[in-house]
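Here's the structure we're looking at; comments come further down.
So that the names make sense, note that chain A is the first sequence line, chain B the second, and so on, each numbered from 1.
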2 protein chains.
Amino acid sequence: MRANNRGQSTDRITIIDIGKEAGVSYATVSRVINNKGNVNPDARERVLRAMTQLGYVANTQARSLAGGRSYVVGLLVQDLGTGYTGEIIRGMDDELAKAQYNLMLFTTHRRKVKESLFVQTLTQGTADGLLLILPRNAEAYLETLRRRKFPYVLVDHQGIDELGPSVGASNWQGGYDATSYLIGLGHKRIGFITGTPELGCAVRRLDGYKAALHDHGLPLDPNLIREGDFYQPTGYKGGVDLLNLPDRPTAIFASNDMMAFGVMEAVREQGLSIPKDMSIIGFDDIPMAANVHPRLTTVRQPLEQMGRVATTMLLDLINNPDQQPEKIELPTRLIVGETCCAPAQARK
Amino acid sequence: MRANNRGQSTDRITIIDIGKEAGVSYATVSRVINNKGNVNPDARERVLRAMTQLGYVANTQARSLAGGRSYVVGLLVQDLGTGYTGEIIRGMDDELAKAQYNLMLFTTHRRKVKESLFVQTLTQGTADGLLLILPRNAEAYLETLRRRKFPYVLVDHQGIDELGPSVGASNWQGGYDATSYLIGLGHKRIGFITGTPELGCAVRRLDGYKAALHDHGLPLDPNLIREGDFYQPTGYKGGVDLLNLPDRPTAIFASNDMMAFGVMEAVREQGLSIPKDMSIIGFDDIPMAANVHPRLTTVRQPLEQMGRVATTMLLDLINNPDQQPEKIELPTRLIVGETCCAPAQARK
DNA sequence: GCGGGTTGTGAAAACGCTTGCTCGACAACT
DNA sequence: AGTTGTCGAGCAAGCGTTTTCACAACCCGC
């Protein structure tokens with residue numbers, strides 16, 4: 001037992017110790033650990049035994065300093081508030097654990113100024129790859145990442161970085177399906193609240209909505225479309241606006257669940273009942289959607305699976321850097337809750 | 001420009017480059033960076049200038065390998081689902097950013113088997129300290145941490161680790177206040193749904209409830225207390241049970257917001273109205289509490305601030321390892337929403 | 001039974017940094 | 001004038017790995 005300069009006592013076991021125990025040089029131990037070079041099966045066996053016996057744990061800093069892997073991937077998110085991100089992270093985390101990787105968390109809200117610095121740090125060996133969930137203003141550093149050939153995968157961010165690998169959901173189809181469902185119930189005037197227009201996913205949901213109207217021979221009324229930003233207040237605001245329309249819609253499709261909650265609030269404030277007086281549909285199916293009353297009808301994104309797939313892609317990219325970047329789109333699915341029904345006039 | 005063995009091109013600037021540029025040895029550069037030793041103000045100035053000019057970014061692996069800091073703290077959480085954790089993390093993240101620290105995320109749900117391994121990794125220099133949010137079965141590794149004198153701070157986890165430093169909220173007082181509020185409205189029979197009994201915070205909320213009843217001369221009916229686990233389904237279950245009681249309560253106090261949502265669901269299923277037929281109160285004030293309808297009355301925990309304080313404590317501990325561990329309790333506050341009113345008989 | 005590939009192994013040089021030790025220079029004491 | 005103390009800065013030894021290079025031992029076919 002010796003003390004390092006941080007005052008903590010350590011019994012650190014190094015590959016040198018393992019080498020001694022197994023009767024080989026530590027270089028051979030390194031080879032065993034990394035499955036490199038030709039090692040005599042016998043020696044390998046001895047090394048492995050020594051490792052478990054002595055409880056060896058590799059020092060990742062030394063590893064990465066010497067030019068190996070750091071076994072860390074960075075994760076860039078905006079915030080962790082809504083549970084949306086949490087779901088995705090769960091999938092990532094799980095997949096990373098399988099590969100013995102660790103996760104370094106960065107939130108953008110704190111990094112507005114020095115985004116470049118954070119990319120610097122990350123790419124200088126701190127991490128082997130980077131996952132980005134719904135990043136905004138990412139162009140600046142994406143360019144850097146590409147130039148450095150630093151592996152990264154975008155999650156839910158189609159339409160901006162056309163080059164890089166990404167994982168998303170079928171936003172267009174989801175928008176189409178939700179709208180068709182409402183039309184099928186008999187709705188003819190359907191309000192829509194958009195997400196942040198800079199985000200590809202927001203645009204596609206809107207496009208799906210428009211396409212469904214068109215395919216069913218319904219007119220597109222620009223008055224029924226309100227701009228939102230994926231947060232609750234703009235959902236509320238959009239809801240109020242739509243309700244105050246002289247010719248108000250009988251249903252409202254919000255581009256995500258949080259905004260749908262806002263719409264629900266607005267509807268109730270007017271003393272209207274959901275779904276009798278107003279049908280509401282959301283997008284995402286965050287856990288909370290099942291906990292509100294009535295249960296929100298929404299389009300489920302396979303969030304956890306998106307995290308999983310993105311991670312698998314990233315690890316793949318780390319292992320074979322010269323791969324073609326893929327773009328994967330996972331299917332969405334309509335979850336029928338209790339916030340939609342046929343409009344009043346159709347029920348008569 | 002040279003290529004490292006990962007195939008990525010790097011123009012890495014080292015302290016040697018800085019030393020050359022500033023006309024000093026690289027040891028001096030190191031001293032400037034770490035504010036150590038005696039450095040001539042003139043030389044320091046030159047070094048600093050060279051650093052910004054060349055865009056120097058320290059290599060943390062090398063730093064920590066050489067015995068310095070890693071500028072990473074680990075964060076151990078159970079899951080990121082409910083937004084509860086997200087709030088705390090926001091505070092931590094912010095505080096860490098100020099100190100130029102980074103965050104390594106670990107979730108326990110994936111580590112059941114090898115908890116020791118993760119502590120091993122962390123304490124071998126990967127991180128300088130560890131934050132734990134509401135950990136379960138932590139005794140095993142807390143012991144290890146203490147033995148190694150590895151700095152850590154527990155968040156919201158009173159009552160298990162009596163020795164270590166921790167940050168929590170005034171759970172007893174919160175329970176007392178919420179109950180008193182209901183009593184003040186005229187409620188005499190108040191149901192209670194507990195949290196996981198192994199958690200100190202759960203026990204204290206219950207104790208606060210009991211004390212308030214006692215102080216107001218109300219009897220304690222064990223039938224009105226149901227066990228929950230902080231997740232929605234047990235809230236629902238407890239709600240159903242309480243509603244089916246021959247002598248049902250007029251108000252229900254759930255030990256956290258998620259369970260309160262479950263109670264709301266149960267109440268509505270019986271065709272009852274909130275708060276007219278049943279008052280409901282929660283605990284935490286997670287963001288979603290403001291988004292359900294009616295707005296949940298609840299006891300706010302200063303989650304973000306808890307994260308902040310815990311982080312400050314940890315950084316302090318890292319800097320002065322021989323400090324006495326503190327135990328801090330932050331105040332809770334009753335948030336009056338729309339889910340409570342006087343009971344029916346009192347309104348007549 | 002001798003060149004020419006494999007195969008398995010070790011020595012040693014990085015990787016970028018921290019820090020204990022040393023040493024010179026100069027000021028302030030006896 | 002000689003001694004001590006202080007300050008500033010350099011040297012060099014690690015930290016625990018990966019990886020290149022060299023080399024020995026072996027097997028093969030001729």
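- For the pair Arg46(A) CZ and dT9(C) C1', the interatomic distance rounds to 11 Å; values are reported in whole Å.
- Counting heavy atoms from C-beta on, the side chains of Thr311(A) and Arg308(A) never come closer than 4.5 Å.
- Between Leu134(B) and Gln78(B) there is a side-chain heavy-atom pair separated by less than 4.5 Å.
- Listed by first then second residue, pairs satisfying ring pair (Phe, Tyr, Trp, His ring centres under 6.0 Å) with a partner in residues 48-81 of chain A read Tyr71(A)-Tyr101(A), not counting sequence neighbours.
- Taking atom OH on Tyr26(A) and atom P on dA11(C), their separation rounds to 8 Å, with Å as the unit.
- Nearest to the side chain of Tyr56(B), among dC17(C), dT19(C), dT18(C), sits dC17(C).
- Residue-level contact check: Asn40(B) touches the backbone only, with heavy atoms under 4.0 Å from sugar-phosphate atoms and none from bases.
- No side-chain heavy atom of Asp156(A) sits less than 4.5 Å from a side-chain heavy atom of Ile133(A).
- Rounded to a whole Å, the CG atom of Asn59(A) is 7 Å from the P atom of dG16(D).
- Among the nucleotides dT19(D), dG8(C), dG8(D), the one closest to the side chain of Asn38(B) is dG8(D).
- Using a 4.0 Å cut-off, no side-chain N or O of Thr14(A) falls inside it from OP1 or OP2 of dG16(D).
- Look at CD1 on Ile13(A): it is 16 Å from C1' on dT17(D), rounded to the nearest Å.
- Between Leu76(A) and the options Leu132(A), Leu122(A), Leu154(A), Leu131(A), a side-chain contact (heavy atoms from CB on, under 4.5 Å) holds for only Leu132(A).
- Using a 4.5 Å cut-off on side-chain heavy atoms (C-beta onward), Glu21(A) and Ile13(A) make no contact.
- Rounded to an integer number of Å, the gap from Gln124(A) CD to dC15(C) C1' is 13 Å.
- Toward the 5' end of DNA chain D, the nearer of the two residues Val24(B) and Leu65(B), judged by each one's closest nucleotide, is Val24(B).
- A donor N or O paired with an acceptor N or O is found under 3.5 Å between the base of dG10(D) and the side-chain atoms of Arg31(B).
- One atom, NZ of Lys36(A), and another, P of dT7(C), lie 18 Å apart when rounded to the nearest Å.
- Taking the C1' atoms of five terminal pairs at each end of the helix from dG1(C)-dC30(D) to dT30(C)-dA1(D), the two resulting helix axes are inclined by 40°, rounded to 10°.
- Between the P atom of dG16(D) and the CG atom of Asn34(A) lies a distance of 17 Å, rounded to the nearest Å.
- Backbone-only engagement by Thr28(B) is indicated by non-hydrogen atom pairs under 4.0 Å involving sugar-phosphate atoms exclusively.
- Comparing dA14(C), dA12(D), dA12(C) by their closest approach to the side chain of Ala66(A) singles out dA14(C).
- By the side chain to side chain contact (heavy atoms under 4.5 Å, CB included) test, Asn38(B) is found to be paired with no residue, residues two or more places apart in sequence or in another chain being considered.
- One finds a side-chain N or O of Ser30(B) lying less than 4.0 angstrom from the OP1 or OP2 phosphate oxygen of dT18(C).
- Checking dT19(C), dG16(C), dT17(D) against every side-chain atom of Ala62(A), the shortest atom distance belongs to dT17(D).
- Checked for salt-bridge contact, Asp42(A) and Arg46(A) meet the test: a charged N lies under 4.0 Å from a carboxylate O.
- Between the CE atom of Met51(B) and the C1' atom of dG16(C) there is a distance of 15 Å, given to the nearest Å.
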